[in-house]
Amino acid sequence: MTTNIGNISDQPLPTDQPVLDIERLKVTFATDSGDVYAVKDVSLEVKAGEVLAIVGESGSGKTVTAKTILGLLPETAISSGAVLIKGNNVISVSRSKLRKIRGRDVAMVFQEPSTALNPVFTVGWQIAEGIRAHAADGHRISAREAKKRATEALRKVGIPEPEVRVNYYPHQLSGGQKQRVVIAAALALNPGLIVADEPTTALDVTVQAEILQLLRDLRDKYGTSIVLITHNMGVVADLADRVVVMYQGDVVEEAPAKALFAEPKQDYTKNLLAAVPHLGRNSASEGAKERLHQGGKVLVEAKNLTIEYPGRLGRPGFKAVDNVSFTLSENEVFGLVGESGSGKSTIGRAIAGLNRATGGSLKVLGYEMLDFKEHTFKPLRKDIGFVFQDPAASFNPHLTIGECVAEPLLIHTHPSPAQARLRVAQLLESVQLPASYAERFPHELSGGQRQRASLARSLALNPRLLIADEPTSALDVSVQAKVLELFKDIQEEFGFAVLFISHDLAVVDMLSHWVGVLFKGNLVEQGIGSQIMGNPQHDYTRRLIASLPVPDPDEQARRREEHRALLGI
Amino acid sequence: LTACTGPSGGGGSASSASSGPIAYGTTDKVTALDPAGSYDNGSFMVMNQVYSFLLNSKPGSADPVPDLAQSASFTSPTEYTVKLKPGLKWANGHTLDSTDVKFSFDRQLKINDPAGPASLLANLESVSTPDADTAVFKLKLANDQTFPQILSSPAAPIVDHQVFPADKLLSDDDIVKAKAFYGQYTIDSYKKNELISLKAYPDYQGVLGKPANDAATIKYYAEPTNMKLDIQQGNIDVANRSLSATDVDDLKKDSKVKVNIGPGGEIRYITFNFDTMPFGAKTPDANPAKALAVRQAIADLVDRQAIADQVYKGTYLPLYSNVPNGFLGANQSFKDAYGDGNGKPSLDKAKKVLSDAGVSSAVTLNLQYNPDHYGSSSGDEYAMIKDQLEKSGLFKVNLQSTEWVTYSKASRADEYPLFQFGWFPDFSDSDNYLTPFFPNGGFLKNHYNNPTVTDLINKQLTTTDKSAREATIQQVQNALAKDISTLPLLQGAQVAISANGVNGVDKTLDASFKFRLGTVSK
Amino acid sequence: MSTATFSGPKKSFLSGLPVISHLNKSVGLQRGMLITGLVLTGFFLLCTILAPFIAPYGYSQLSDQSGSFPAQQAPSSKHLLGTTVGGYDVLSRVLWGSQTAVTVIVVAVAMSIFLGVALGLLSGYYGGWLDRVLVVIADAIYAFPSLLLAIVMSIVISHGQSSFWGGILACAFSITVVFVPQYFRVIRAETIRLKAEPFVESAMVLGASSMRIIGRHIFKNATRTLPLMFTLNASESILTLAGLGFLGFGIEPSSAAEWGFDLNKAMADASSGIWWTGVFPGIAIVLTVLGLTLVGESINDLNDPRLRGRKRAGGKPSRSAAAVGQGGNTGAGTGSAAGNGTREAGNA
Amino acid sequence: MTSLIEVPDVEPVAVAPKRKSGQGGGLGRYIVVRFFLIIPTIFILVTLVFFLMRVIGDPITAAQGGRLPPDVLAQRIHDAGYDRPIFVQYFEYLGQVVTGNFGTTITDRRPVVEMLSTFGAATLELSINALIVALAVGIPLGLLAAQRRDRATDAFLRFFAILCYATPVFFSGLLLKLTFSVWLGWLPVAGRTSTRTELAMSSLAAPSGIYWLDALRSGNFAAFGDVVSHAVLPAIALGFLTAGVFLRLVRTNVIGTLGKDYVEAGRSRGVSEFRLVTKHAYKPALIPIITVMGLQIALLLGGAVLTETTFEWKGLGYQLVQYLNARDFVAVQGIVMLLAVIVAITNFIVDVVAALIDPRVRY
Ligand SMILES: Nc1ncnc2c1ncn2[C@@H]1O[C@H](COP(=O)(O)OP(=O)(O)OP(=O)(O)O)[C@@H](O)[C@H]1O
Ligand SMILES: Nc1ncnc2c1ncn2[C@@H]1O[C@H](COP(=O)(O)OP(=O)(O)OP(=O)(O)O)[C@@H](O)[C@H]1O
Ligand SMILES: [Mg+2]
Ligand SMILES: [Mg+2]
């Protein structure tokens, strides 16, 4: 598997010729509300063995560009310009030719590995599928041969015991392993170019670090060129040789990675970089020596808290939170970090009475949640605010923003309509939204605006305690930065206590005075934010921090070297 | 008329029934082959082929003559004595003698199954068997003229006492397995309500004689239309019962089949509830004279011929008396008394009779019919009646229909002032159209009671002289036409379709209403 | 679904209505199917409204000034589609039949929607034993062959009474009994899904009462599939009504005109070469069901992002950005959000 | 009547196996739990039908209401015990059912078990035939429509599918009969066999009641041909009805899976469009398809009333209507019980099969 099979390119490739050459690409989608110019004018090239990162905010045309490279655009798209791969213009070649190019000359790695793998076929079958699809023009490849090659590909991406795993179904693999399989499938025919569209976004940071390492190895070992699409500047810093910045369908800047991070030329790029949270900078607990805000009342007190989800029909339940103790006092921001599934949300929801605590003790505003009764807890609800992760989903699509924000008032204080309107206007103002937005429907706001509105709603009754479950992870970096800023300001202004949940260490650090690290339901470490980031005690915390790429190529390269052993890569 | 040879060997081409057994199709259904457990046309049709009676009628007539009996007669007013033919043998080899006779009747009375015909034996006190060839029936009512008919009715098939249990019913399959048959045929294979195959019974000595064929099959249909198409395509030889009027009409035009029509005993009529009909005894404006006028005006207005022609296309005939045509003493009392005297309606007479009685404004009639028990054409029939009555301007008709179970209860619980009913005779005697109906309102419970009529009916029942009885029956009919307890409308016709080359179907369509497969040949 | 329904309040009122908004966003063949369906359905509704005016005779009329109608007469100038064995004018009965059909549909579907939605909301929201019992009952009823259930119900309910409303209500009730479990299941599923939606949880966190949550937050969102179900169930109720009529449990001709009943009566005619009594009611049934189903299916396709995928419609960049976030809570047919394979098939 | 709306199965009490559960023993346990969920369904249906039947009248009135005076009728009803308190009757009935005694039908006096096996076999045969047609027509055309979506072929096929279930089976049956039997004379009008074949097969020792099987066993090919020729029209009439549903179902679900990332992933590997439809999209789509199909099959078994009536096919559905009209409690209860069992078991099997197809629950 080290040579290309069936090189059918018409002319032999000169070595310095780019693997991919996009010239003045323009992609337009025809829709009934007029044309959507998704990509306006993009030109770029990728050389052999190069990692080119494309960055830009959501909707800037990154995915569309990537799909164009493989000719995967839907039929409603009209594209012009040229996308040359080994001399073939993907835009204009015939369907059958295109099919031959796909997989053999260029392959794709998808964002969500669990959806990119067909759940009902074994991973080996899926890899072999691509191999066999390209054998038709030459000799047929036997199923056994194809499987052997699939095993080989799995071995290459570092799947242990590939001979066994080749027969596994996707659900039997972990998320990281699935992504490795997807990469293996892309590698199976040893294409010169891999297009990876947000290959690590769906993964935990620790897994992300492994996948990034794998991609780096591929490039180093096999000289594969990679087009890496991401919005995570840390990932860019970690892997990319060259960066293309896109904005609204256009390339605004293109530069070698180091140069870009060191000296961004365009304003847009500068803002983008400035918005990226950077671990260790901007810490809310900068310089703190001991836990802040301990003078006030303790609002939340968990003692050996255990939360178990009931098992279905006699099956044993699942302990999502195990023996966790912490306190949260007035005015304090408690940051809770941990990777996906570690039980962060479960704790947050239990405090808000959305889940039941099943063991230990959890006192919220003095109320023992083990004896939770909705009607006794209800009076306390006005003192608790909750900000959900997905601002879009947390608004009833049928109500206006004004109605949504006014809802807590209506429930608890029964104001007159005029009073309500006034209060809503005030609230919107305090989250820097024009009062006129009260008339709008949630879908008529941008993501960032919606999250502000969500914040306004949660503040409507001047709560003493706010639970924010990943309030910014659905937002673009630049938007996230603004929302976080606002959040911080408001917290300082109103002085409520916050349980701030996030999987992003840098974000948590920016806001929290006190940080707890959750791992598989256990609170493995808690302490002052800056101390935890700077000097993690627990192994897991160390690994977490080591895995987090920082948006600075040099620093990241150093960190990578430092942590190599820790990360086991 | 010799029957074709070649019994069904199985296999071969699946085509027509042109050779092999006589293939008879019907939409009736078998409830049970056990005579004590069924009282319906479908079951009785099969019984008629495989059981015998003490008395039975020959094809072409409805008069009971000795069948298993050698002789049968009243030996005293309350004793009816039957002498059996000697040497009778069941198809399974058992001897058939008076023990079986007594057993059969005792059993009917003992079991008295809710769905059985035991009620027909109401007049039977006991049966005794002085010897193996003689059975004596002791009756409660002396000189019951219908008793010979009863002995050929569904209550009377003789069964094998060595096979049938005395106090409970025997399943069809067990009967078939035990070959407990004595009739023109025995059952060869039996698939309930799907297919029965019959074979001639060589030792049969009853009145029907040797069948004109040596095997027959009975095929059961769910949909009359399918049966119709099958006979047109030659898949069956005879199609009998429940073809729709349209089907029959169409078959009349088909040269490949023949439509045989015989007299029918089935009648349709409108019952008046004397309590609740307009001006009835229990209504606020009770007035017997006006009520009678209403009934008479209706009788003047209905056009039976139009209904028979349009809705039933001749499969039903106009009925102008309570006793249908073909029965002893039947006349046309309603034809003479109402309408234009020729069976056509008369608006003038209707107007007159109403105004004479002082009924001035249009009378509202709540007329009920049942759509699922008396055939789906009832709807059309009653729509026409409504139309006929309303056209006169004398009546306003609210037509309502109700599903059968409710209908049959409600109709006799004074809920319906005017309602459709029908009757199929238990046995072929004029009395069966009188006694059940009119003394004391009869089973209709319509509060009609005319002592004169009751007396006359009781009289004819025990009048031994035939012509005297006939005269009495006519008197009854005339009296009934005056009172109009029920308004007779239609008399059924037996319609059987035979394929070309199939003979003898017409012979069995008589007033006994028994279809005898033995008369059919091809 | 998301974009279209949401854009409702801002756009003109008309274009916000379910069917019209669907028409607007449909294209190509999908639009063709929708339009065909709308035309057929519109024609059907028109017949319903105009039946008293355009039908040459009454549905139970047997004679006019010039005398009684002949029986089973082939189409002629006096009786454009001929007459039946009872002497009814076929054209008139076909036209009047649309009225019966509409009445039954409206009553049946309205009742089943009301009951099904109410039960589905409560069952889905409160869960617990009430939910289990209701689900088992609904499943059991669902397992009962619908036509037979309808027969039994029509006997139970009206005892086969044939008055116009008696017949209609009996049919409608029996169809209701059959449909309620369907609505129940759909609404319950939707409620369960919505219950886990952040916007409902956010109301819970605010301390909103259950009634408020059900009424204000779940109801409207759970019932967005109803227009679709309405059309599909409407066509199914026509078929059930026709089946009832066919089996002799329909409405008597003197009370109302009913296609299935007429078709049943015409079975014998057809084999006797009298085709006009059966073919026209039959065609009426087929076309009506076809029209309603086309509308329903088109709406379904247009609602379901998966099925509308290759439509040439979509949204402005900003809009689809919003849609990305909202896909989960709005897509009517996006069972994928629930990760529940069966549901996907169900709504499709 | 087939349902146009395939109501989603909302993992009701029937716990859809938690797809995530990677732990062993999941499937086995699931099967057991799922199996016991059959019982309440059956119990409810049986109870429902018991009480409904008592409400709608008794068999004696139905049969003899037109002949007997009301008092005699009442006496007979009393003799038969139909006027006893309803709960007494109900618990008596439950007791009998639990001991496996289903009784004898009232109107035609057959042991219920025998009646069920006779008519059940006929219905089963019809359903199998129809299912073969439905699958043979519905699935390939559904795949074709999915592949050609939004093109003329697709539009045509969808129109065809809707027509398939927009046409009441008695209407299509009538048209089929008139065309193929009366006009062209190719196929028999109705029934399951000709008389001759029926007689030939009645000599079989242990007839299965499935005619084509019996015909084959009797080694009589003419009989087999005869049986098949009788089966064609009913199978088409009922099969197309269901085929319409299947076509739509396959199309929708395959299109759904065609939009999934893994199909796109396959495409990006150069897999051909045909293979994408028939392999990548079809198999995952099969899970919901099978679920709904199972329901359809169950409905087929009970819902073939109209087809059976139209084509003289003496099966459960047709018979049920007859018994219902005769108010034959015992028979109706027996049939509904059987249908309930069939539906429940079909659903059970379907769930298990779906679970088996889905590797995520297999381990
Ligand atoms: N099928 C389509 N039809 C219409 N417009 C589309 C389609 N696909 C993408 N677009 C539009 O094209 C633009 C670019 O989308 P693209 O998916 O490339 O963004 P992106 O940079 O990948 O964003 P993200 O970071 O959110 O993935 C967006 O405005 C989007 O709405
Ligand atoms: N309703 C539930 N029933 C059973 N298990 C659940 C339920 N909700 C969550 N879990 C499990 O509990 C664990 C903790 O879930 P939780 O949502 O708290 O994680 P998290 O830390 O918020 O993760 P993420 O970063 O992905 O949001 C997970 O393993 C999850 O699968
Ligand atoms: Mg993207
Ligand atoms: Mg979470």
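Lettering follows sequence order; numbering is per chain, from 1. All values reported here derive from a predicted model rather than from experimental measurement.
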Heavy-atom distance under 4.5 Å to chain D: side chain of [X], backbone, both or neither?
X         : value
Gln126(A) : both
Leu70(A)  : side chain
Val106(A) : backbone

- Item | Test item: Asp261(D) side-chain N/O and Thr115(A) main-chain N/O as donor-acceptor pair under 3.5 Å |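 Not a single qualifying donor-acceptor pair exists.
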
- Message: Would the distance check show the side chain of Gln179(A) and the main-chain N or O of Pro199(A) forming a donor-acceptor pair, the cut-off being under 3.5 Å?
- Response: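 Yes; judged by distance alone, with no hydrogens or angles, the pair exists.
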
- Query: If you tally heavy-atom pairs under 4.5 Å against chain D, which of Leu117(A), Ile127(A), Val182(A), Val195(A) wins?
  - Reply: Leu117(A)

- Name the member of Ala116(A), Gly71(A), Ala186(A) that forms the most heavy-atom pairs with chain D at distances under 4.5 Å.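 The answer is Ala116(A).
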
- Taking the side chain as every heavy atom from C-beta outward, state whether Val157(A) and Val181(A) have any atom pair closer than 4.5 Å. no

- Item | Heavy-atom side-chain contact between Lys147(A) and Asn167(A) under 4.5 Å | yes

- Task: For Tyr90(D) and Thr47(D), run side chain to side chain contact (heavy atoms under 4.5 Å, CB included): C-alpha distance rounded to whole Å, both residues' side-chain angles, the deciding distance at 0.1 Å, then the answer.
- Result: CA-CA 8 Å; Tyr90(D) 175 62; Thr47(D) 306; 2.7 Å; yes

